[in-house]
Amino acid sequence: MSVAHAVPLSATTPATLVDRDLFRGAMARLGAAVNLVTTDGPAGLAGFTATAVCSVSDSPATLLVCLNRGASVHPAFSANGVLCVNVLAAGQQALANLFGGKTAMAERFAAANWTRLATGAPVLDGALVACDCRIAGVQSVGSHDLLLCEVLGVAEPGGQGGLLYFDRRYHELG
Ligand SMILES: NC(=O)c1ccc[n+]([C@@H]2O[C@H](COP(=O)([O-])OP(=O)(O)OC[C@H]3O[C@@H](n4cnc5c(N)ncnc54)[C@H](O)[C@@H]3O)[C@@H](O)[C@H]2O)c1
Ligand SMILES: Cc1cc2c(cc1C)N(C[C@H](O)[C@H](O)[C@H](O)COP(=O)(O)O)c1[nH]c(=O)[nH]c(=O)c1N2
C-alpha cells in the first residue's frame with residue numbers, strides 16, 4: 001500500500017474518521033511514558049502531565065510535545081517559548097496526578113524539589129531524565145498544539161525505574 005506524502009490534514013474527509021470514544025479506547029492501548037512538562041519565564045511558572053511526547057530527530061535534537069490549546073497552562077508555554085520535559089520515574093504517580101488535574105499551579109510545584117538548566121524551566125528532582133528545550137516550532141492539529149522542541153541540555157536527576165501509562169493506569173517498570 002502506498003502512502004501519500006504532504007497531504008494536508010484538512011483534506012481528510014471527516015465522515016471517514018472514527019468517533020472520539022473509539023479513538024480514545026484505541027489510544028488507551030498505546031502505552032506511553034509519563035512526563036511533567038514545565039516552563040518558566042515572563043508568563044510565569046506552569047506545568048502539566050503529558051503522555052503525548054516523543055522523539056522526532058537526533059540532528060538537530062528535537063522532541064515533540066502535544067499540548068491541548070484549552071489547557072490553562074497553554075498561554076504560559078506559548079509566551080515563555082521554553083520548556084523542560086521531565087520523564088517520571090517509578091514511584092512518581094502522585095506527581096502525575098497532581099500535574100494532570102485542576103490543582104492550582106503553586107500547589108503543584110510545592111509538592112517537589114526543582115533545579116534549573118539553561119532555559120530556566122523547572123527540572124524535577126528524582127526524574128528519570130530531563131530535557132531542557134526551546135520551542136522551535138508550533139503546528140496546530142485539532143484540539144492540540146504540536147510543540148517542536150529543540151533540546152539544549154539533558155540531565156539525569158536521579159530517578160530509577162520507568163513509569164508507563166497504559167490501559168488508563170500507571171505501571172512501574174524495572
Ligand atoms: N493527549 C492528551 O491530551 C491526553 C493524553 C492522556 C490523557 N489525557 C487527559 O487525561 C484524561 C484521562 O485519560 P485516560 O487515559 O484515563 O482516559 P481517556 O479515555 O480519556 O483517554 C484514553 C486515551 O486517549 C488519549 N486521549 C485522551 N484525551 C485525549 C485528547 N483530548 N486528545 C488526544 N488524545 C487523547 C490518550 O492517549 C489517553 O490515554 C483524558 O480525558 C484527558 O483529559 C489527555
Ligand atoms: C496521564 C495523563 C496524561 C496526559 C494528561 C493527563 C493525564 C492524567 N493531559 C492532561 C493535562 O495534564 C491536564 O489538562 C493538565 O492538568 C492541565 O490542566 P489545566 O487545564 O492546566 O488545569 C495531557 N494534556 C495534554 O495537553 N497533552 C498530553 O499529552 C496529556 N497527557
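Values reported hereafter were calculated over all heavy atoms of this structure, with side chains retained and with hydrogens, waters and symmetry mates removed. Atoms within a ligand are numbered from 1 in the order they appear, just like the ligands themselves.
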Student: Kindly indicate whether the side chain of Arg116, heavy atoms from C-beta on, has any atom under 4.5 Å from the side chain of Pro122.
Tutor: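 Yes, their side chains come closer than 4.5 Å.
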
Student: Hey, does Ser143 come in under 3.5 Å of ligand 1, counting only N/O atoms on both sides?
Tutor: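 No, there is no polar N/O contact under 3.5 Å.
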
Student: So which heavy atom in the protein is nearest atom 14 (O) of ligand 2, and how far is it from that ligand atom?
Tutor: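 Atom 14 (O) of ligand 2 sits closest to the protein heavy atom Ala71 CB, 4.5 Å.
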
Student: Counting non-hydrogen protein atoms only, what is the nearest one to atom 3 (C) of ligand 2? Give residue, atom name and distance.
Tutor: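 Protein heavy atom with the smallest distance to atom 3 (C) of ligand 2: Thr51 OG1, 3.6 Å.
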
Student: Which residue and atom name correspond to the protein heavy atom nearest atom 12 (C) of ligand 1, and how close is it?
Tutor: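 Result for atom 12 (C) of ligand 1: Tyr165 OH, 4.5 Å.
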
Student: To which protein heavy atom is atom 17 (O) of ligand 1 closest, and what is the distance rounded to 0.1 Å?
Tutor: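 Protein heavy atom with the smallest distance to atom 17 (O) of ligand 1: Arg168 NE, 3.3 Å.
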
Student: Run down the list Met27, Arg29, Arg24, Arg169 and name the one with the heavy atom closest to atom 27 (C) of ligand 1.
Tutor: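 Result: the heavy atom closest to atom 27 (C) of ligand 1 is in Arg24.
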
Student: Hey, which atoms in ligand 2 end up nearer than 4.0 Å to a heavy atom of Leu67?
Tutor: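 Counting atoms of ligand 2 from 1, those under 4.0 Å from Leu67 are 26 (O).
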
Student: With a 4.0 Å cut-off on heavy atoms, does Arg69 reach ligand 2?
Tutor: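 Checking ligand 2 against Arg69, which is what was asked, there is no heavy-atom contact under 4.0 Å.
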
Student: Measuring from the heavy atoms of His144, does anything fall under 4.0 Å of ligand 2?
Tutor: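 So His144 counts as touching ligand 2.
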
Student: Can you pull out the closest protein heavy atom to atom 10 (C) of ligand 2? Residue, atom name and distance to 0.1 Å, please.
Tutor: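 Here the closest protein heavy atom is Thr49 O, 4.0 Å.
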
Student: Can any side-chain N or O of Trp114 pair as donor or acceptor with the backbone N or O of Asp125 at less than 3.5 Å?
Tutor: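 Not a single qualifying donor-acceptor pair exists.
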
Student: Check ligand 2 against Val73 and write out every atom of the ligand that is under 4.0 Å from a heavy-atom position of the residue.
Tutor: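 Those atoms are 21 (O).
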
Student: Would you say the rings of Tyr170 and Tyr165 are close, in the sense that their centroids are separated by under 6.0 Å?
Tutor: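 Under 6.0 Å, so yes.
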
Student: Please write down residue, atom name and distance for the protein heavy atom closest to atom 33 (C) of ligand 1.
Tutor: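 It is His144 CE1, 4.1 Å.
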
Student: Ser72 to ligand 2: N or O pair under 3.5 Å?
Tutor: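 Between Ser72 and ligand 2 (N or O atoms, distance only) the closest approach is under 3.5 Å.
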
Student: Provide, to 0.1 Å, the distance between atom 17 (C) of ligand 2 and the closest protein heavy atom, together with that atom's residue and name.
Tutor: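 Sorting protein heavy atoms by distance from atom 17 (C) of ligand 2 puts Phe48 CB, 4.0 Å first.
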
Student: Which of the numbered atoms in ligand 2 are below 4.0 angstrom from a heavy atom of Phe99?
Tutor: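 Listed by number with element: 12 (O), 15 (C), 16 (O).
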
Student: Touching ligand 2 at all, Cys66? Heavy atoms, strictly under 4.0 Å?
Tutor: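 Yes, that is the case, since the closest heavy atom of the residue is under 4.0 Å from the ligand.
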
Student: Write out the residue and atom name of the closest protein heavy atom to atom 6 (C) of ligand 1, then the distance separating them to 0.1 Å.
Tutor: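 Here the closest protein heavy atom is Thr51 OG1, 3.5 Å.
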
Student: Polar-atom distance check: Ala52 versus ligand 2, any N or O pair below 3.5 Å?
Tutor: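 Yes, Ala52 has an N/O under 3.5 Å of an N/O on ligand 2.
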
Student: How far is atom 26 (O) of ligand 2 from its nearest protein heavy atom, and which residue and atom name does that atom have?
Tutor: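 Nearest neighbour among protein heavy atoms for atom 26 (O) of ligand 2, to 0.1 Å: Asn68 N, 2.8 Å.
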
Student: For ligand 2, find out whether one of its N or O atoms is nearer than 3.5 Å to an N or O atom of Tyr170.
Tutor: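 By distance alone, the answer is no.
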
Student: Taking a hydrophobic cluster as the set of Ile, Leu, Val, Met, Phe, Trp and Tyr residues connected by side-chain heavy atoms closer than 4.5 Å, whether directly or through intermediates, do Phe77 and Val138 fall within one such cluster?
Tutor: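 In one cluster: yes.
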
